[in-house]
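First the proteins, then the strands, lettered A, B, ... as listed; each starts at 1. Reckoned from all heavy atoms, side chains included, excluding hydrogens, waters and symmetry mates.
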Number of protein chains: 2
Amino acid sequence: MDKKTVTIKDIARMLGISKSTVSRALSGRSDIHPETKQKIMALASELHYEPNALAINLKQQKTNTIGVIIPETMNRFFAHAVGGIQKVSDMAGVNVMICQSNESYISEKNNLHSLVSSRVDGLIVSISRETDRTDHFKPIIDRGIPMVFFDRICQDIDASQVYTDNYEIAFEGTEHLILQGYRRIAFVAGPQHLFNSRNRLQGYVDALKKHNLPVRESYIVHSHYRSDKVEEYTRYLMQLPQRPDAVFAINDYAAIEMMHIMKKSGLKIPDDIAFLGFNNESMCRFVEPPLSSIDHPAHDMGAAAAEILITQIRHQNLKPENRIIKSKLVIRESTGAKQVL
Amino acid sequence: MDKKTVTIKDIARMLGISKSTVSRALSGRSDIHPETKQKIMALASELHYEPNALAINLKQQKTNTIGVIIPETMNRFFAHAVGGIQKVSDMAGVNVMICQSNESYISEKNNLHSLVSSRVDGLIVSISRETDRTDHFKPIIDRGIPMVFFDRICQDIDASQVYTDNYEIAFEGTEHLILQGYRRIAFVAGPQHLFNSRNRLQGYVDALKKHNLPVRESYIVHSHYRSDKVEEYTRYLMQLPQRPDAVFAINDYAAIEMMHIMKKSGLKIPDDIAFLGFNNESMCRFVEPPLSSIDHPAHDMGAAAAEILITQIRHQNLKPENRIIKSKLVIRESTGAKQVL
DNA sequence: ACCGTTCCCGGGAACGGTCCCGTGAAAATA
DNA sequence: TATTTTCACGGGACCGTTCCCGGGAACGGT
């Protein structure tokens, strides 16, 4: 019934010894008589002693904790990336603090300050869709705090980056649609200040060019990653004079919802129109028809980011590393060959 | 290029004043000359001073942070619950540290100690599927640290609880199937040491009894929440001499995968067999046919848990509160009326 | 008997803040 | 002018640890 939390000093007092000795016993250092250690350990566990991490971290000048800032925890891609981060961190015995920016620049900045204030040993960041500058990261990197960006990276900054071969895979996906016989391929793009989105769009454009297909502005939809706009731009695409016969969407959610709307309007998939998504969410397998998608290695990216960060924390002054994780095109029925009329 | 992090003492030295004064300026207290304050603030922002949260929290004996332990961040239910927690916490200006137990008792215990060591002001917990005892929570509650359990709650402990009306909604769901004409209703149950799972199963059983239907053990599958067993028990149910004509599954993932397997085997849904899930995941709308489900108010539960916890932190010694959040049956085509032969 | 080691342990500064208390000067009041 | 009040700031203990340093006891070797 003692509301007071027990400290090392309490244990010392109760045992009539100094706090130095207690500290030695609890932190498993040498220079301690086995019997004394035994007594200390026994009392500590009896009193449910919990070391004060704040005091330890303050004294040690490190927290054994890494900070993670992602746009959204509810987004499956980031949830899986966090899974990868956690897995690697757990094995290395480091703690993880997760913050979400809710796709807001202000929140991202607040999270950043909060984590730095908590003296995390390093940071893993995937920037928000609003973030179009990097001045908030600069002073932190200058301070020597290791930092790794992943997926939504920041090119113009001197830090490690983990990302996928967006250009190549977008090219490959588009080419797949072309080879299946589709010619009027629409593209649902992400925010163009993001490195990823730009690269994906470029991959799409270049694949069209390679096959001498026209690049029509009207076929490129700017979704800004907003799920509440899907219906709007789906209707837009459907009522174009030359309706697209394929859609390459920035993520599976958009693709699935578009597919659903078009199906209800009587279009046959993949005969009338094909769909290709991004992320390879588990539900791709279960929708009708199963959705082809780009397998975006979220878990591996998170794991890679954590690996790089932890080695950078352990070995000072390593130079930034860029690591590219390969994506994979997963073909299902939604991009089955176009019906030849 | 100064690797050293700047402290309050550095600022004091550079300005030729005492650290007390600097502290007063930065923490926005009174008793400070405006001009002095101005100078301090200017230098602080120039040097990118970041207060050391460890030192502050150590001195203040509180961290303004709550700890959250959930089984899995990748699980959409918990991801949404965390969303609710974050929302309420953000508005109240408190930080959130999230840990996942990976459905393991050991990890849960480690997370708990880690958070208590970090001196969180309170805890929100949803226990792992392995956790069948509560002795690790007791000493923490005795210490006076506020704690709120949600969804996967711990009945035999003197702490606040937030959960849904599992019994009632399972009853209602089962009754819905019966009223639609289904008679041989299988149930995919969760681990029976969990309060929720027991209540849901009981609701199912009582609904059958109310309508004078037999409760057959062979129709009750124990999934232990393991997604890798779905195919196995689906096959089991399909080859029963009296194949079920409806399945009430513990979650949507299981329901959707079962539906997929049965469809491939040529069964018609909902004519041959109906499906009812749990959680109302977004993909329920997009599968074929759309899956009826129980809308489990994840976000609201998280928000409620955070609300209760924060008021308990702010006002000492409140008595534990139990809050029940209502679930809702969402009817779609997968439980359309049974074909009358 | 003396000295060097080894083994345990205690004292106390330090980590970076907060906050109580004290104090000198200026301002207000008598 | 003398006294009180206000204002602005400094000194220093404290939060709970770690860790360096120093020292006494026991012990072995000469």
_So B:N52, base contact, sugar-phosphate only, or nothing? Heavy-atom distance under 4.0 Å._
sugar-phosphate
Assign each of B:K59 and B:S20 the nucleotide of DNA chain D bearing its closest heavy atom; nearer the 5' end lies the nucleotide of B:S20
Exercise. Ion pair present between A:R323 and A:E321, side-chain N to carboxylate O less than 4.0 angstrom?
Worked result: yes
Tell me, yes or no, whether the heavy-atom count around B:D132 atom CG, taken from other residues, nucleotides or ligands under 6.0 Å, exceeds 12. yes
| Charged N to carboxylate O under 4.0 angstrom, B:R152 versus B:E103? | yes
Axis-to-axis angle for the helix from C:dA1-D:dT30 to C:dA30-D:dT1, ends of five pairs each, to 10°, equals 50°
Q) Can a salt bridge be assigned to the pair B:D135 and B:K138 using a cut-off of 4.0 Å between side-chain N and carboxylate O? A) no
Judged by nearest nucleotide, the residue sitting upstream toward the 5' end of DNA chain C, B:I8 or A:P34, is A:P34
Separation of D:dC7 atom P from B:K37 atom NZ, nearest Å, is 15 Å
| said: How about NZ on B:K62, more than 12 heavy atoms from neighbouring residues, nucleotides or ligands closer than 6.0 Å, or not? | reply: no
* Within the structure shown, what part of the strands sits under 4.0 Å from A:L54 by heavy-atom distance: base, sugar-phosphate, or nothing? -> nothing
Which of C:dT18, C:dG16, D:dG10 is nearest the side chain of B:A55? It is C:dG16
message = For C:dG17 and B:Y49 - does any side-chain N or O of the residue sit under 4.0 Å from the phosphate oxygens OP1/OP2?
response = yes
